[in-house]
Amino acid sequence: FACLLSLLLSTQAIAARAVMPSLIPLPANMQRLPGEFKLAADTPIIAGDARAREAAGYFTGYVARTRGIRLESRSTSRRHAITFAIDLAASANPEGYRLEVTPNGVTVMAPDARGLFYGAVTLAQLVDIGTSPTARMPSVRIEDAPRFPWRGLMLDSARHMQSVNDIKQLLDAMALHKLNTFHWHLTDDQGWRIEIPGYPKLTEIGGCRIPAGDTGIDPLTGRPKPYCGYYTQAQIRDIIRYAAQRHITVVPEIDIPGHAQAAVAAYPTLGNVTGPTHVSAEWGVHPYLFNADEDTFHFLESVLSEVIALFPGQYVHLGGDEAVKHQWQQSPRIQARMRELGIHSEAELQGYFVRRLGKFLHAHGRRLIGWDEILETELPADATVMSWRGIQGAVDAVRKGHDVVMSPSSDLYFDYLQTTSADEPPGRPATIGLQQVYAFEPMPPALSVSDSRHILGLQANVWTEHMRTFARVEHAVFPRIAAVAETGWTPKDRKDYAGFLSRLPAQLQRYRALGIDYAQTPFAVAVEAVPVGDRMARVTLSSPLSLGEIHYTTDGRTPTPASPRYRTPLALRMPVRLRTTAFADGVPLADPVTRRLDAASFLQRNDEALAMCSQGLMLRLEDDGPPTGTRAIYNVDIFNPCWQWTDAPLRGIAAVEVHAGRIPYLFQLDKDEVNRKFHPASTSSGELEIHAGCDGALLARVPLPPAPAADGFITLPAPLPEHADVQTLCLFFTGDTRPTMWVIDNVRLIPSGSHAAAERN
Ligand code: ACM
């Protein structure tokens, strides 16, 4: 009986899940009604005015793209139709809407074009995914409106650029998530990307850098190969128009007074140092600041005038972040200017910049927004603060009466990796996984209810130092943006991570239908294998988000839902080729993972499987070659490049073979630079050293060649002393190798008596 009951209950649970549509973000109120609406090419669409036609256009475009159904009916009959209409009573919020699907018809009502558009987005998500000529939508009644008015995504187009089409694709995806603010980071030390007609050198010179390492050399001619690009005013207008059609406001950022190296390279008189300046090819915190001459303010106001003329939104972002003041401290001209202005500190001078340009914006009907450093001095009352160094900036700003957007680096920076998988692309390896993003609560607990109206919302930031392709931007953004969207839209008490996860597979199907290349790593099965004797491996499979059913094969075939299902750890006879995928509702969540397991596979570790020797600043960095095709990616602590193999199986091992590459050392670390450690070298090109534990005895020292081989790598055999009683190996390279550094790709243990060991000896 107990069995029967539990079967009954689980069947009911499945039925309940099947009938609730998988919408992201979850609506504020949703009620499932009996039946469904059938949609086919002859279904009439009724849209009475321009606002309704625009919303209907989104819906019909989505259905055409994802379902191949072209809604072309000319009928004006309201029978079995989909009706979009403005109705002032539909919601108290201009972004709100009311939607009803019944077997006889569909209505979407809203008081404003924005709400009507979001109703169309919800309606699009109600359409089932498939290929049949008739689509189905479950009957529902939805009353919906967003929790926050600022639901944002920032894209850094300075470090790496994206094409206009890529940005449009991102805007499309933002609309699918009901995001309404695109913050566009257009200027930085590494590039100036916005055309300003009076100042052509900003883009001619400031829009070009010579990338560090081999990337900056033309392999055919051996000459410098610049990385160049900017957005013309026509392209920017095109993007703004495209965004506006999706009810997305574009907030441009012109970063002052720091992050100014590209502008100063273009026009050195804007800066504080004599002699030429180049556009930076390095990442990190740079010293270049604008100077405070009247001519420089004239320049900045001219730039802002162009920005105001281009961008219709109320906000202009003036940056203000990470402006280290060394150049101002060292410049007699700045010091004289400060005396002239009656300013007593460099921090106050930054405040003068922000206030003066904020006033300029105000006089032109715009509002200033800036990173939380702008709080360090007195601010215009209407300035808005973007809290990125945690959330204290938000609390301080609100207490001073400012509006705030939450984008703390701890939770909403998408250049941080999302899993610990070895297949993550380059990035910052502190992990900000989907669950952490989802758990972020924009309302700081320290704020009172009446203060909370100052929290406008939240924003995810995509910094692109490590994203040289749009595919990497997509990997960083999807699916984490879905979590941001739900936090920004759904009432707090309706949020529920388990519910969100159960709706995510449908969102992934929408991504696939729209050609959005979402990150595979959160969905790809993680394989953990340990040897059991020489012949067997014990294999544990897991799905990083605990989503879906895991299936696997050992016969080389692609796993399907009919393949064996993984439930408990497997004992597999080696050698074996294991392939595995997680499925939700019979649909694979990611591409299959393939692992070959044999005795030798346990004697090799890639850098991702090695630990760092200390807690410095780990990054996941890409090789600077080859010019085309796949490049190696390395986990490396740039303060102390040293790799550790804990509990290495060293019994019977005669030698270690290290496969290493060499990449540019391209960081401006400002005050952190002193943390960079170099081990003394004893020969001209330095050595590879292997130690027994990180403070332990030297086991092997092998001289390095001056350069890697033609393929970009070196293979270094290092015989180990006999009978060394060692468990943990620490490996590092000696010497100050800047502007490059050696990095470990993989380490192999060579058993004594093996072919490879014999060759070495
Ligand atoms: C920032 O991350 N520098 C705002």
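Both ligands and their constituent atoms are indexed starting at 1 by order of listing. Residue indices begin at 1 and follow the sequence shown. Note that the structure is predicted; figures quoted are calculated from it, not measured.
- No cation-pi contact links R151 to F148, judged by a cut-off of 6.0 Å to the six-membered ring centre and 45° from its axis.
- Relative ring orientation between W388 and Y413 is described as parallel, the plane-to-plane angle staying below 30° on a 0-90° scale split at 30° and 60°.
- Using cut-offs of 30° and 60° for the angle between ring planes, the Y352 and F297 rings count as perpendicular.
- The protein residues lying under 4.0 angstrom from ligand 1, judged by non-hydrogen atoms, are D321, E322, W371, W388, Y413, W463.
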Verdict with reasoning, E474 to R480, per salt bridge (Lys or Arg N to Asp or Glu O under 4.0 Å)
CA-CA 10 Å; E474 290 183 291; R480 287 184 292 188; over 6 Å; no

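- For the residue pair R209/Q190, the side-chain donor-acceptor check at 3.5 Å is not satisfied.
- The aromatic rings of H466 and W283 lie perpendicular to each other, with more than 60° between the two planes, well past the 30° mark.
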